[in-house]
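Note that the structure is predicted; figures quoted are calculated from it, not measured. We count residues from 1, following the sequence as given.
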Amino acid sequence: MAGIPERIVLATGNAGKLREMREILAPWHVDVRALSEFTAAAADETGLTFVENALLKARFAARVSGLPAIADDSGLEVDALRGAPGIHSARFAGPAAADDANNALLLQELAATCDAGRTARYRCAMVFLRWPDDPAPVIAQAAWDGRIGREYRGTGGFGYDPLFLVDDGARTAAELTAADKNRRSHRGQALRALVAALAAGTAG
């Protein structure tokens, strides 16, 4: 476990992401601090990919906190929409759009798409930096395949989870328990891969 720091800052203002990440990191007894404990500001997400945006967020969090930082950038890619909303997932319906508005727009955009054509995936890029200008970031990526449903199901999760069908359509991500979602999700996979890389000492 030599590569895992005792304290880190998670570069997110999303309460759902913070809760999921803390649950996944709990076995390593890391003192996880939220970015909001250090600043109300956020990084400018000007990157063109999930990795670029994750790096921007991690550098910002490490700079304002003075701690090693973990950041993720993640989103939903819908094949019928040529990968949209992608890096714009959180603001699909506008800069300050809520989950309901984003989901409503997604349903509208896919209204004429048949069930077989509604394939999609959640994608996540997770980044660890020892300090703001770390020249050797640790990067992990993962994806979670599914389809977009036609109606909301479930009350768990956040974002597009009530529409994201898994298990051949048997359930949505919002119908999974928190533990099951953490085990299977794009973010859970990426964070576990990142922690495994740190434990192996790849962070120095």
Looking only at heavy atoms, what is the nearest atom pair of [X] and [Y], with distance?
| X | Y | result |
| --- | --- | --- |
| Gly47 | Asn53 | N-OD1, 2.8 Å |
| Leu105 | Ala93 | CD2-CA, 3.8 Å |
| Ala190 | Ala140 | O-CB, 3.4 Å |
| Pro162 | Asn103 | CD-ND2, 4.5 Å |
| Gly159 | Asp99 | N-OD2, 3.0 Å |
| Trp144 | Ser185 | CE3-CA, 3.5 Å |

Rounded distance [0.5 Å steps], [atom1] in [X] versus [atom2] in [Y]:
| X | Y | atom1 | atom2 | result |
| --- | --- | --- | --- | --- |
| Ile148 | Leu81 | CD1 | CG | 8.5 Å |
| Leu165 | Arg153 | CG | CZ | 5.5 Å |
| Glu45 | Arg91 | CD | CZ | 5.5 Å |
| Ile139 | Leu129 | CD1 | CG | 8.5 Å |
| Leu55 | Thr49 | CG | OG1 | 8.0 Å |
| Gln141 | Cys124 | CD | SG | 8.5 Å |

Please check: side-chain N/O of [X] versus main-chain N/O of [Y], any donor-acceptor pairing under 3.5 Å?
| X | Y | answer |
| --- | --- | --- |
| Arg118 | Leu110 | yes |
| Gln189 | Ala143 | yes |
| Glu175 | Thr172 | yes |
| Asn102 | Phe92 | yes |
| Asp72 | Met126 | no |
| Arg22 | Val32 | yes |
| Arg121 | Asp79 | no |
| Asp134 | Arg130 | yes |
| Asp31 | Glu6 | no |

* **Chi angles and distances behind the side-chain contact (heavy atoms from CB on, under 4.5 Å) call for Ile4, Val195** => CA-CA 7 Å; Ile4 302 178; Val195 170; 3.7 Å; yes
* Would you call Asp133 and Arg63 a salt bridge, taking side-chain N to carboxylate O under 4.0 Å as the test? ->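 Yes, this pair counts.
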Would a hydrophobic clustering, with Ile, Leu, Val, Met, Phe, Trp and Tyr connected at side-chain separations under 4.5 Å, put [X] with [Y]?
| X | Y | result |
| --- | --- | --- |
| Leu176 | Tyr152 | yes |
| Ile70 | Val30 | yes |
| Ile8 | Leu35 | no |
| Val166 | Val78 | yes |
| Phe128 | Leu67 | no |

* Is there a side-chain contact between His186 and Ser74 (heavy atoms, below 4.5 Å)? ->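 A side-chain contact under 4.5 Å exists here.
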* Asked: Are the side chains of Leu194 and Val138 in touch, meaning some heavy atoms are under 4.5 Å apart?
  ->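 Contact flag for Leu194/Val138 side chains = yes.
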* Check the pair Asp115, Arg147 against salt bridge (Lys or Arg N to Asp or Glu O under 4.0 Å), reporting the backbone distance first and the verdict last. => CA-CA 8 Å; Asp115 289 349; Arg147 286 189 298 110; 5.1 Å; no
* **Residues Asp161, Tyr122; criterion side chain to side chain donor-acceptor pair (under 3.5 Å); working and verdict** => CA-CA 10 Å; Asp161 287 354; Tyr122 274 130; 2.7 Å; yes
